[in-house]
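What follows is one structure encoded as C-alpha cells, with my remarks underneath.
Quantities reported herein were computed from a predicted structural model and do not represent experimental measurements. Lettering of chains follows the sequences in order, A, B, ..., and the numbering in each one begins at 1.
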There are 2 protein chains.
Amino acid sequence: MKDIARHAGVSQSAVSFALNGRPGVSEGTRDRVRQVAEELGWRPSTAARQLSGEGAATVGFVLARPADTLGVDSFFLQLVSGIQEVLAERHLGLLFQVVEDVDDECAVYRRWWAEHRVDGVLVVDPRTADPRPGLLDELGLPAVVIGGAPDERHPGLSTVWADDAGAMASVVDELYALGHRRIVHIAGLPGLAHTERRIRTLRAEAERRGLSEVESVTTDYSDAEGAAVTRRVLGRPAPPTALIYDNDVMAVAGVATAAELGFSVPAEVSVLSWEDSALCRMVKPWLSALSRDSVEFGRTAARELTALLDGGPARTVRVPVPQVIVRDSTGAARR
Amino acid sequence: MKDIARHAGVSQSAVSFALNGRPGVSEGTRDRVRQVAEELGWRPSTAARQLSGEGAATVGFVLARPADTLGVDSFFLQLVSGIQEVLAERHLGLLFQVVEDVDDECAVYRRWWAEHRVDGVLVVDPRTADPRPGLLDELGLPAVVIGGAPDERHPGLSTVWADDAGAMASVVDELYALGHRRIVHIAGLPGLAHTERRIRTLRAEAERRGLSEVESVTTDYSDAEGAAVTRRVLGRPAPPTALIYDNDVMAVAGVATAAELGFSVPAEVSVLSWEDSALCRMVKPWLSALSRDSVEFGRTAARELTALLDGGPARTVRVPVPQVIVRDSTGAARR
DNA sequence: GCAAGAACCTAATGCGCATTAGCAACTAAT
DNA sequence: ATTAGTTGCTAATGCGCATTAGGTTCTTGC
C-alpha cells in the first residue's frame, strides 16, 4: 500500500479508503488508486488484515477418520467441492485437516481458536453424545453441523441436515409394498447421529407394521464388513429378502457376496444402497440407491456458515429428502 | 502475551524470549513464563507471527477438476491424508481449494502469493506444457510437484514421482510372457504427464518386441468412457487379449462391459488396473492391479516441501515403482 | 465578508508478535 | 580500583493494514 500511495501521489490512508470503498476520497482519486493497485497486482495481506480485526478469512474443516478407512468415498470430495464453490466467491480459504478421532478433532478446534486461524468451522459426522458442539459453543467459534439433527442445546450452532428418518420411512414403504417382510439394514458406524436415526426409524416402522424380522447391524462402512454381514445374514435358515446398505461401498460388496452365495439379485434378494455414485452403475445389476445432491449439501452448509460469519442468526436448514432411484437391484420379494 | 507478562511479572519481550527459546532470560524466568502461558492456554496468533516475518505456517493444495468428475477416487484422500500426517507434526495448516481448471489454479496461486497466505504449495497432476511450474518459479513460491517427471527447466521446484515408465515396462513384460500380443491401454486424460509417459513407454516396448497391435486410447478417467472404449475395442474382429486401465474405476467398468459382451475374464481377456483400491476387490473376478502406497507418496511430498521451507535445496525424489498385484483378472492369453 | 460546514486529504495509532537497541547490576580481568 | 565483559531484563520499533483524530482548502449561508 505504501507503494501504491507513492505511485498515486497520495497518503497511505487515502489508499486504504479508496480500496475499501470508505468515504474520505474523491471518486477521481479512488479510481486512480484502484488502477495503480491493479497495475501493481496488489492484494491485501491476510495476516495484516486479520491483525487489524478483520478475521482470518478462513474456514476450517476437519475430517476425523483413521487413515486406512479413507477409502473409496465420493461423498466428501463432493461435499468439499460444493463448500468451495460458495467460499471461493467470498474469497474465503478452507483450512483442511485429517485426524484420527474426535478427540484430536477437538484439539484442532482449540488450537485453531487460540491461534485465531479460522473464523468458523464446518463439522461433519455428528454423533450421539458429541463433544464438539459443546466445545464450539464454549469457544464461541461459529460452526455449522453437517448432517446433524436439530439440536436445541446449542443455539449458537447452525445445522444442515437431511431427513434420514423420512427417507427411511419411504424406503420401508417401498420395500413393504414389494412384499418384503424380512429386511436387514447394514448400517454404518454406531454412534453417528444419522446411523442411529436410521436405525430408530427402521425399528419404529417395523413395529408399526408388526414386522418382527427386521433389524439393523452396524459396521465400519468398509467393504469387508459389508461382505461379512451379508454372508452371515444370507446364511440363515430364513434369509432376508431385502438388504439396505448405508453406503455404496458396502452395497457393492454385498451384491458380490450374494452372488457368490448363489443368491440372484433382485430375484432372491433386493439390494438398496444409501448412497448413489458411479459405483452403483459399475456393477451388474445396477444398484437402486438413495440419491442426494452432495455438492448442493456442501453449498448449503457453506452458505449457512457465511451467514453466521456475517452476524446472522444460527439456523437449522433441512435439505431435500434423498430420493430412491430405482434401478435393477430391487424387485418384488420372492414368495 | 501482555497478560502472560503481567502474570509473570516481567516484560512482554521477556515473554517472547522465554517462549521462543531465545537467550536473554534466566532459566527460572523461562520456566515461570512457560507455566503461566500454559495455564492461560496461550497460543501465538498466526497472523501476528506472520506479520513479523515468520511465514504463514500454511501450505496450499489445489485440485483442478470439474465438480462432476470428483467422483470415486481414493487416491486424493489418501494422498492428502499422508500429507497431513507430516504437516501436522510441524503444525502447518493445509489450505485446500478445488477449482475447475489449470488456469483457475494459476489464479489461485497468484492470489495466495500476493496475499502471503501460504509458504509453499503442492502441485498435482502435472501436464505436458504445464504453466504451473513456470509460474511458481517466477513467483518464488516453494513448490513440490507430485507425480511429475524430473524437470530441469525449473530448478527451484522439487519433484516427487513414481516411475511409470518402469512400471509400464514390467507390465508389458508380464503380459508378453503370458502370451498377450494384442494389448489396449485405456489411458487417462491426455495432457497429463504420467498419461503421456505411460503411452510413450508402451509404444516403445511394443516396438521393441515388434508388436503392431498394441495401442493406447485416452479417456477422461470416467467409468462411462472406460466402458465405451472397452465396448469398442472388444467389438473388433481381432479383439485385444489384454486391457490395461489407467485407474480402478475404468477397470471395474471395463470388466462389467466385457462380461456383458460375453467375454470371460481372464480366460478371454485379461484386465489390469493401474490403481489399487478396495474397488479392485469388490468385483468378481478380483482385479489384478498396480499397487502403490498413496499415503506414503503424500508423506514424501510433504516432507520435501517442509525441507524446501527450511531452506533446503530442491530435490527430485523417486518413490518405489508400483508393484503388480496379481489377482484373478489376468491370465494366459487364449491361443 | 465572515463564520460554519463540507469535502478531501494526511498523520498517528493499534492489532500481536519478533527483534534490536539499550540499560542496570554484577563479575572477571587488569 | 577501574575497565571490560556478561547476564537478565525493559523499552522501542516494525511488519501491513484499518481506523480515528486532525488539518487544509473550498463551498455555502447569512
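- Sequence order on DNA chain D of the closest nucleotides to B/Glu27 and A/Arg49 puts B/Glu27 first from the 5' end.
- Between the B/Trp112 side chain and the B/Val118 main chain, no donor and acceptor come within less than 3.5 Å of each other.
- One finds a side-chain N or O of B/Thr29 lying less than 4.0 angstrom from the OP1 or OP2 phosphate oxygen of D/dC9.
- Checked against D/dA18, D/dT19, C/dT19, the side chain of A/Arg22 finds its nearest nucleotide in D/dT19.
- Atoms CG (B/Leu51) and P (D/dG16) sit 7 Å apart, rounded to a whole Å.
- Looking at every heavy atom in both residues, B/Leu94 comes nearest to B/Ile83 through CD1-CG2, 4.3 Å.
- What separates CG of A/Asn20 from P of D/dG16 is a distance of 17 Å, to the nearest Å.
- As judged by a 4.0 angstrom heavy-atom cut-off over every strand, B/Ser26 is placed among residues touching the sugar-phosphate backbone only.
- When heavy atoms are screened at a 4.0 angstrom cut-off, A/Arg43 is found touching the sugar-phosphate backbone but no base atom.
- In this structure, A/Arg32 atom CZ and C/dC9 atom P are separated by 8 Å, rounded to whole Å.
- The 5' end of DNA chain D is approached more closely, in terms of each residue's nearest nucleotide, by B/Gly24 than by the other of A/Ala48 and B/Gly24.
- Atoms CD and CZ, on B/Glu27 and B/Arg34 in that order, are 7.0 Å from each other to the nearest 0.5 Å.
- Atom-to-atom, NE2 of A/His116 to P of C/dG16 comes out at 7 Å; the value is rounded to the nearest Å.
- As a whole-Å value, the separation of B/Lys2 NZ from C/dC17 P is 10 Å.
- You'll find that the side chain of B/Met1 is closest to C/dC17, out of D/dC9, C/dC17, D/dC17.
- The side chain of A/Trp42 contributes an N or O atom lying less than 4.0 Å from OP1 or OP2 of D/dC17.
- Between the side chain of B/Arg132 and the backbone N or O of B/Val124, at least one donor-acceptor pair lies under 3.5 Å.
- Taking 4.0 angstrom as the limit, B/Ser13 places none of its side-chain polar atoms (N or O) nearer than this to OP1 or OP2 of D/dT10.
- Rounded to the nearest 0.5 Å, atoms SG (B/Cys106) and CG (B/Leu139) are 9.0 Å apart.
- Separating the CZ atom of B/Phe17 from the C1' atom of D/dT7 is a distance of 13 Å, rounded to the nearest angstrom.
- In this structure, CG of A/Asp3 is placed 14 Å from C1' of D/dC17, rounded to the nearest angstrom.
- Residue A/Ser45 is in sugar-phosphate contact alone, with no base atom involved, counting any heavy-atom pair closer than 4.0 Å across all strands shown.
- Look at CG on A/Leu19: it is 9 Å from P on D/dC17, rounded to the nearest Å.
- Listed candidates were D/dA18, D/dT10, D/dT19. Nearest to the side chain of A/Ser52 is D/dA18.
- In terms of polar N and O atoms assigned as donor or acceptor, the side chain of A/Ser11 never comes within less than 3.5 Å of the base of C/dA11 in a complementary pairing.
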